[in-house]
Amino acid sequence: MDILVLAGGLSTERDVSLTSGKNILKALKECGHNAKMLDLFLGYYGDPNTFFESGEDFSDVGEIGLSDPRIDEVKASRTGERAGLFGENVMKICRKADIVFLALHGEDGENGKVQASLDTLGIKYTGSGCLASAIAMNKYISKQLMFANGITNAEYIVLKNGECVYPDFGTPCVIKPSSGGSSVGVTIVTNKSEYEKAVELAFKYENEVIVEKYIKGREFSVGVLGDTVLPPIEIIPKEGFYDYANKYQPGATIEICPAELSEEETAEIQKCAKDVFDVLGLEVYGRIDFILNEADGKFYALEANSLPGMTGTSLLPQEAKAIGIEYPDLCNKIIELSFKKY
């Protein structure tokens with residue numbers, strides 16, 4: 001098949017996306033597909049009609065840094081018109097693919113806008129549709145749906161347009177952009193004096209901020225692949241919390257899969273993961289993050305990822321491997337399940 005791996009873009013997770021894309025591209029080629037990679041924002045200035053016959057795949061990308069990329073520099077690097085998310089010839093090339101493998105992460109890749117654009121043109125793509133993607137990306141909306149459906153998650157307040165209201169539940173608390181990912185702009189504050197600065201940081205990334213009551217406990221993630229709920233993985237950063245650097249720098253975090261949980265706990269967290277997946281309307285695959293509260297022994301759902309990372313340190317491929325699904329097979333399975341949507 002002719003498969004376009006769409007990566008990059010203008011999200012704060014741009015570098016993560018490019019690395020996922022590079023890995024996916026390699027796996028698809030190993031499986032015998034005619035796969036090519038393209039940057040969503042930078043586009044292609046050659047002939048789109050011969051793109052899949054060309055020797056270009058734009059997979060020569062660097063490693064993930066210790067902090068999120070300079071998006072202003074990315075914008076300045078595009079030739080010609082710099083407005084808009086879609087680069088030159090991107091949609092024309094998408095139309096020529098049998099399916100588009102979305103290796104996008106973060107707001108521009110997971111908030112449903114790209115999916116909606118592909119939908120309007122009748123282009124097939126991997127993962128969830130535009131509505132579920134938008135819901136899962138917005139922590140405020142997804143938390144409301146989880147609360148409404150009896151799924152335990154942290155108490156929270158929402159701040160908008162630069163306001164700085166101190167929560168009734170006080171500190172410690174977690175402050176995060178409502179639609180961010182990879183822990184970019186996230187701060188754990190332990191006292192009131194740190195609060196305003198953390199809120200200000202989160203507002204640098206978007207105009208809606210979530211403040212959650214801090215839950216102390218063990219951190220887990222559970223992937224869903226079609227009707228299969230993957231084994232939970234425990235995440236133990238060697239220093240600090242599971243921030244951008246600890247997520248993507250090899251050796252920074254200890255990851256145990258399958259997680260050391262009792263059979264009852266494993267069944268409970270897997271059921272909760274599937275409940276979240278279904279409540280948010282996700283399709284094909286996804287990953288749900290949890291905290292096991294040491295105070296009450298309950299699993300608290302943190303958030304859902306509609307396009308989980310596929311890098312060398314990413315969690316979903318590790319979970320799949322634990323049940324015998326190697327990385328290339330995982331990519332093929334995602335494509336197979338995605339075609340079923342159509």
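Please read these numbers as outputs of a predicted model, since none were measured by experiment. Note that the numbering runs from 1 along the sequence shown for the chain.
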Heavy-atom nearest pair, Met310 first then His105, reads N-NE2, 4.1 Å

Would you find more than 12 non-hydrogen atoms of other residues, nucleotides or ligands less than 6.0 Å from Asn191 atom CG?
yes

Verify, without hydrogens or angle tests, whether Asn34 (side chain) and Phe52 (backbone) share a donor-acceptor contact under 3.5 angstrom.
yes

If you measure from CG on Asn89 to CG on Asn49, what distance do you get to the nearest 0.5 Å?
8.5 Å

Taking Ser314 for its side chain and Thr311 for its backbone only, find out whether a donor-acceptor pair lies under 3.5 Å.
yes

Does Ile210 share a hydrophobic cluster with Leu145, counting links as ILVMFWY side-chain heavy atoms below 4.5 Å and allowing steps through other members?
no

Enter the distance from Ile99:CD1 to Phe339:CZ here, rounded to the nearest 0.5 Å.
4.0 Å

Is any side-chain heavy atom of Leu121 closer than 4.5 Å to a side-chain heavy atom of Cys94?
no

Do Leu85 and Val114 come close enough that some side-chain heavy atom pair is under 4.5 Å?
yes

Residue set satisfying side chain to side chain donor-acceptor pair (under 3.5 Å) with Asn153, at least two apart, ordered chain then number -> Lys143

Quick one: does Tyr45's side chain have a donor or acceptor within less than 3.5 Å of a partner on Thr79's backbone?
yes

Trace of the side chain to side chain contact (heavy atoms under 4.5 Å, CB included) decision for Phe41 with Val90
CA-CA 8 Å; Phe41 179 74; Val90 167; over 6 Å; no

Verify same cluster id: Ile141, Val209 (apolar side-chain graph, 4.5 Å):
no

From Ile151 CD1 over to Lys271 NZ, what is the distance, rounded to the nearest 0.5 angstrom?
8.0 Å

Would you find more than 12 non-hydrogen atoms of other residues, nucleotides or ligands less than 6.0 Å from Glu336 atom CD?
yes

Mark yes when over 12 heavy atoms from residues, nucleotides or ligands other than Lys321 sit less than 6.0 Å from its NZ; otherwise mark no.
no

Are any side-chain N or O atoms of Lys124 and backbone N or O atoms of Lys341, one a donor and one an acceptor, separated by less than 3.5 Å?
no

Please determine whether the number of non-hydrogen atoms from other residues, nucleotides or ligands lying under 6.0 Å from atom CD of Glu200 exceeds 12.
no

Hey, is CD on Glu163 packed in by over 12 heavy atoms from elsewhere, all under 6.0 Å?
yes

The criterion is side chain to side chain donor-acceptor pair (under 3.5 Å); which residues satisfy it with Thr190, sequence neighbours excluded?
Glu194

Distance-only, no hydrogens or angles: does the Ser17 side chain make a donor-acceptor pair with backbone N or O of Ala103 under 3.5 Å?
yes

So does Leu302 get a backbone contact from the side chain of Asp289, meaning a donor-acceptor N/O pair under 3.5 Å?
no

Mind checking what makes side chain to side chain donor-acceptor pair (under 3.5 Å) contact with Asn149, not counting sequence neighbours?
none

Arg14/Asp108 salt bridge by N-O under 4.0 Å criterion:
no

Which is it for Leu225 and Leu330 under the side chain to side chain contact (heavy atoms under 4.5 Å, CB included) test, yes or no, and what are the steps along the way?
CA-CA 9 Å; Leu225 183 63; Leu330 173 61; 3.9 Å; yes

Under 3.5 Å, side chain of Gln270 to main-chain N/O of Leu230, donor-acceptor pair present?
yes

State whether Tyr166 and Lys192 meet the cation-pi test: NZ (Lys) or CZ (Arg) under 6.0 Å from the six-membered ring centroid, and within 45° of the perpendicular axis.
yes

Pair Lys333 + Asp329, salt bridge at N-O below 4.0 Å:
no

Let me know which of Gln115, Glu110, Lys113, Glu283 forms a side chain to side chain contact (heavy atoms under 4.5 Å, CB included) with Ser133.
Gln115

Hey, could you give me the CD/CG distance between Glu30 and Asn332, rounded to the nearest 0.5 Å?
11.0 Å

Heavy atoms of Leu316 and Gly309 approach each other most closely as CB-O, 4.5 Å

Within the structure provided, determine whether Ile323 and Thr228 are in side-chain contact (heavy-atom separation under 4.5 Å).
yes

Has Ser11 got a side-chain atom pairing as donor or acceptor with Glu13's backbone, closer than 3.5 angstrom?
yes

For atom CG of Asp296, decide whether the heavy atoms of other residues, nucleotides or ligands shown that lie under 6.0 angstrom number more than 12.
yes

Are any side-chain N or O atoms of Thr50 and backbone N or O atoms of Glu53, one a donor and one an acceptor, separated by less than 3.5 Å?
no

From Asn23 atom CG to Leu28 atom CG, the distance as rounded to the nearest 0.5 Å
11.0 Å

Verdict with reasoning, Phe277 to Tyr285, per side chain to side chain contact (heavy atoms under 4.5 Å, CB included)
CA-CA 9 Å; Phe277 189 86; Tyr285 72 123; 5.6 Å; no

Is there a side-chain contact between Met91 and Leu118, using heavy atoms and a 4.5 Å cut-off?
yes

Is the backbone N or O of Gly223 less than 3.5 Å from a side-chain atom of Glu319, with the two atoms forming a donor-acceptor pair by type?
yes

Can you name the nearest heavy-atom pair linking Ala27 to Cys331, along with the distance?
CB-SG, 4.0 Å

Parallel, tilted or perpendicular, judged at 30° and 60°: which one describes the rings of Phe299 and Phe220?
perpendicular

If you look at every heavy atom in Ala304 and Val276, which pair is closest and at what distance?
CB-CG1, 4.2 Å

Heavy-atom count check: over 12 atoms from other residues, nucleotides or ligands less than 6.0 Å from Lys298 NZ?
no

Answer yes or no: is there a side-chain heavy-atom contact under 4.5 Å between Phe101 and Ile334?
yes

Are the side chains of Phe169 and Tyr214 in touch, meaning some heavy atoms are under 4.5 Å apart?
no

Atom pair NZ/CZ of Lys160 and Phe203 - distance to nearest 0.5 Å:
10.0 Å

